[in-house]
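Chain A is the first sequence line, chain B the second, and so forth, proteins listed ahead of strands; every chain is numbered from 1.
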There are 2 protein chains.
Amino acid sequence: MSGSTDGSARGRVTLQHIADELGVSTATVSLSLRSSPLVAAATRDRVQAVARSLGYVYNRSAASLRTARTNMIAVGFNDIVNPYFGELLAAIEETLAGSGHTVLLGTYSDDPVKQDRVLGTLKEYRPDGMIVCPANGARAASLRDVADAGIPLVQVSREISGVGLDFVGSNDALGTEAALDHLFALGHRRIAIIGGTDAMSTGANRRNAYRTYLAAHGMAVEAALMVEGFGTRDLGFAAVHGLLDLTSPPTAAVCFNDLTAFGVMLGLRHRNREAGRDFSVVGCDDVKEAALWAPGLTTVKNHHADMGRRACERLLARMVNPALTPERIVIEPTLVVRGSTTSVG
Amino acid sequence: MSGSTDGSARGRVTLQHIADELGVSTATVSLSLRSSPLVAAATRDRVQAVARSLGYVYNRSAASLRTARTNMIAVGFNDIVNPYFGELLAAIEETLAGSGHTVLLGTYSDDPVKQDRVLGTLKEYRPDGMIVCPANGARAASLRDVADAGIPLVQVSREISGVGLDFVGSNDALGTEAALDHLFALGHRRIAIIGGTDAMSTGANRRNAYRTYLAAHGMAVEAALMVEGFGTRDLGFAAVHGLLDLTSPPTAAVCFNDLTAFGVMLGLRHRNREAGRDFSVVGCDDVKEAALWAPGLTTVKNHHADMGRRACERLLARMVNPALTPERIVIEPTLVVRGSTTSVG
DNA sequence: TTGAAAGCGCTAACAG
DNA sequence: CTGTTAGCGCTTTCAA
């Protein structure tokens, strides 16, 4: 090809060019390209044909300026390497694709300052809505800023208390209770809780549920058995060592998430102990890998794909009707028992 | 607060409002907000203060229309649940955040038709650049369409042969050879290859390297030992059964990726065999979980975080200078030996 | 150092 | 059924 059309087509074909080519107005072109019934079928076809031949590419920025809609949904997460969030993001992206929305992604590694910066940037793209999992220690004002700028927002997985915004997540306390019930029934009376902090809803909810449960079942709540921190493999790995070194070590642990539980299982092996034989460990999330480890990980299933879907649905509903009263949509978790838990030796 | 400013601030504050408030022009406001040296410091400060108090939010769509830059980079992947791509995406997102770019995400599940649709949509957002891992069976025209629309594009991980666009990926053949060398040295003479298709570069490269290696080392290339398919756990799991049922079953397998290898290890266990004892398995990618399985997975490390970073760097370079000659940036993989391989029994 | 004016590419009244 | 016109919010000459 001598590239004659290509040359002019380098991302620079506009409605005007098509209009000129056909001797019609840009309005007609605009309507034709969207297959509006207002325009004659013959005209529509001619316009579409010329658009194609000219290599026309619709310019959403321009349209957005006019319509005040971008068809983008911003997603703010701490971390997408954690498969829990990876899978959650995948569910969201897929659901939104179904309604013609594209995901704009930002991450902030559980750093509230970075979160504010990232959300601020995302906001400037004027997404039609935003799905956010708040950072550890994030303040209500950070999310309110977004909502006050007129962007529908739903919190997913974690929430900021009193922020007055939609939330779709899991019943953390119930999950922790189910895990503790399971261990209690297996005879465990010294149970650690590893991971989570009181500065994120999921951490606070689970740690409080733990405290309450222990008290209600006549077990003392010992600081040494409550290992605070982010839900990483490293935390789990390191925590095991400390716990096993206690004068009176625990026989089981509930973990903030599956990643932490995997770290615990590795730490155990490192000390010549095996989960499900010498020690019981319960995870949380039920990521794909949980079923596949040896032994399989007993874990609290958060139904996170469902959570992602429901967050999208809620957001779309709020986009249609911004006056909706904020709602807390809480999904019941399920305990999945596998090989990593056993009766106390 | 009685919300008087909030009411008008609902995402509707523009430069004009700030200008009116101060009796200056929008030009001055625009310059002030970007801290241009052209404007007096005192003016600048007053403008910025008013902008803040009015709850002004910069409108990137409007700016983009004017500047023809969006500061968005589109990323097109098949699947982000596979931790390999999740980690790759994380590396890309992080790198781009450093240069002030935000990621626009699209996925297409290895479906070339869906890929075309998704890339078409992404294109309309006029991202400043695009990073794409082509779908299985994707044609050159799909990516050329994007590039011809004037959007700088780099292929990552997989490439379409002859498309004449940048590519950042791994030396697939070398990785496969390293895996086979390792198995050969352990005495294996019947080696399967599981996963990958000839319709994606990574699959074709590895399968060809396998064919060549076997021929060069006096082993017959048997169709039954070459299990074609996408790199899923399910494929690995299913393939093992078929392979073990052969009259003369293999003693080892190289897998398309770690996920497939995990599936193989599970399938083995299902047949009362253990990887690293009764059968040897080599993965590819070295995702985080690979080191943590029991036994640890011997795998070909693709350095995918590095790959993501380099893809971004190449893209940024091309954005600065679109005339750059397309380049193939090939990263040397490393074999990581762990417990899933052993000498032939 | 600041303002006026034009225009990026599109859509939405409104008129015809 | 199609054209005219105005304008979304910003940046960028060019003048003053």
Side-chain angles (χ1 to χ4, degrees), chain A residues 8-48 50-51 54-72 123-128 149-150, chain B residues 8-48 50-51 54-72 123-128 149-150:
Chain A
S8 64
R10 251 175 234 287
R12 333 208 102 277
V13 184
T14 71
L15 293 189
Q16 189 65 61
H17 295 135
I18 302 173
D20 291 349
E21 189 83 7
L22 286 162
V24 299
S25 71
T26 59
T28 300
V29 174
S30 175
L31 292 171
S32 296
L33 290 178
R34 286 174 291 154
S35 296
S36 162
L38 290 176
V39 72
T43 314
R44 180 200 351 103
D45 293 345
R46 282 189 309 139
V47 168
Q48 294 188 349
V50 170
L54 252 41
Y56 171 75
V57 177
Y58 182 62
N59 185 328
R60 285 176 187 255
S61 285
S64 294
L65 188 54
R66 189 58 233 240
T67 61
R69 302 198 60 242
T70 56
N71 291 302
M72 297 191 297
K123 196 167 62 171
E124 296 178 345
Y125 287 100
R126 303 292 169 105
D128 294 338
Chain B
S8 65
R10 253 174 232 289
R12 332 207 104 278
V13 183
T14 70
L15 292 190
Q16 190 65 60
H17 295 135
I18 302 173
D20 290 349
E21 189 83 6
L22 286 161
V24 298
S25 72
T26 59
T28 301
V29 175
S30 176
L31 292 171
S32 296
L33 289 178
R34 285 174 292 153
S35 297
S36 161
L38 290 176
V39 72
T43 313
R44 178 197 355 100
D45 293 345
R46 283 189 308 139
V47 168
Q48 293 188 350
V50 169
L54 252 40
Y56 171 76
V57 177
Y58 181 63
N59 186 327
R60 286 177 186 253
S61 283
S64 293
L65 187 54
R66 189 58 233 242
T67 60
R69 303 197 60 241
T70 57
N71 292 301
M72 297 191 296
K123 196 166 64 170
E124 296 178 344
Y125 287 100
R126 301 293 168 104
D128 294 338

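- Of the listed nucleotides (D/dC10, C/dT11, D/dT2), C/dT11 has the atom at the smallest distance from the side chain of A/A63.
- Within the 4.5 Å cutoff, no side-chain heavy atoms of A/V13 are placed close to those of A/V57.
- You'll find that the side chain of B/V39 is closest to C/dT2, out of D/dT4, D/dT11, C/dT2.
- What separates CG of B/L15 from C1' of D/dT11 is a distance of 9 Å, to the nearest Å.
- The A/L38 side chain lies nearest to D/dT2 when the options are D/dT2, C/dC10, D/dG9.
- Between the CZ atom of A/R34 and the C1' atom of C/dT11 there is a distance of 6 Å, rounded to whole Å.
- Among the atoms of the strands shown, none is found under 4.0 Å from any heavy atom of B/R44.
- Following rounding to the nearest Å, A/L33 (CG) and C/dG9 (C1') show an atom-to-atom distance of 12 Å.
- Nearest to the side chain of B/N59, among D/dT11, D/dG9, C/dC10, sits D/dG9.
- Between A/T67 and A/G23, the residue whose closest nucleotide on DNA chain D is further toward the 5' end is A/G23.
- Picking from C/dT2, D/dG9, C/dT11 the nucleotide with the shortest atom distance to the side chain of B/T28 gives C/dT2.
- Counted by atom type alone, B/T28 and B/S25 present one or more donor-acceptor pairs between their side chains at under 3.5 Å.
- Side-chain N/O atoms of B/S30 include none lying less than 4.0 angstrom from OP1 or OP2 on D/dC10.
- Rounded to the nearest 0.5 angstrom, B/T43 OG1 and B/L38 CG are separated by 12.0 Å.
- Candidate nucleotides D/dG9, D/dT11, C/dC10 were compared by shortest atom distance to the side chain of B/L65, and D/dG9 ranks first.
- Interatomic distance, CG of B/L33 versus OG1 of B/T26, reported as 11.0 Å (0.5 Å rounding).
- Helix-axis bend for the helix from C/dT1-D/dA16 to C/dG16-D/dC1: the local axis fitted to the five terminal pairs at one end deviates from that at the other end by 40°, rounded to 10°.
- A distance of 6.5 Å separates CG in B/L65 from CG in A/N59, rounded to the nearest 0.5 Å.
- Contact check, A/S25 against D/dT4: no side-chain N or O comes under 4.0 Å of OP1 or OP2.
- Toward the 5' end of DNA chain C, the nearer of the two residues A/S61 and B/R46, judged by each one's closest nucleotide, is B/R46.
- Side-chain contact between B/R44 and B/V47 is absent, with no heavy-atom pair separated by less than 4.5 Å.
- With distances taken from any side-chain atom of A/Y56 to the nucleotides D/dT11, C/dA12, C/dC10, the minimum falls on C/dC10.
- In this structure, CG of A/L22 is placed 18 Å from P of D/dC1, rounded to the nearest angstrom.
- Counting non-hydrogen atoms under 4.0 angstrom, B/S64 reaches nothing in the nucleic acid.
- Rounded to whole Å, atom C1' of D/dG9 lies 17 Å from atom NZ of A/K123.
- Using a 4.5 Å heavy-atom threshold, the side chains of A/M72 and A/R60 count as separate.
- In this structure, B/T43 and B/R66 both approach DNA chain C, and ranking their closest nucleotides by distance from the 5' end singles out B/T43.
- The list of side chain to side chain donor-acceptor pair (under 3.5 Å) pairs with a residue in residues 31-41 of chain B, not counting sequence neighbours, reads B/S30-B/R34, B/S35-B/Q48.
- Note on B/A40: only backbone sugar-phosphate atoms sit closer than 4.0 angstrom, heavy atoms only; bases stay farther off.
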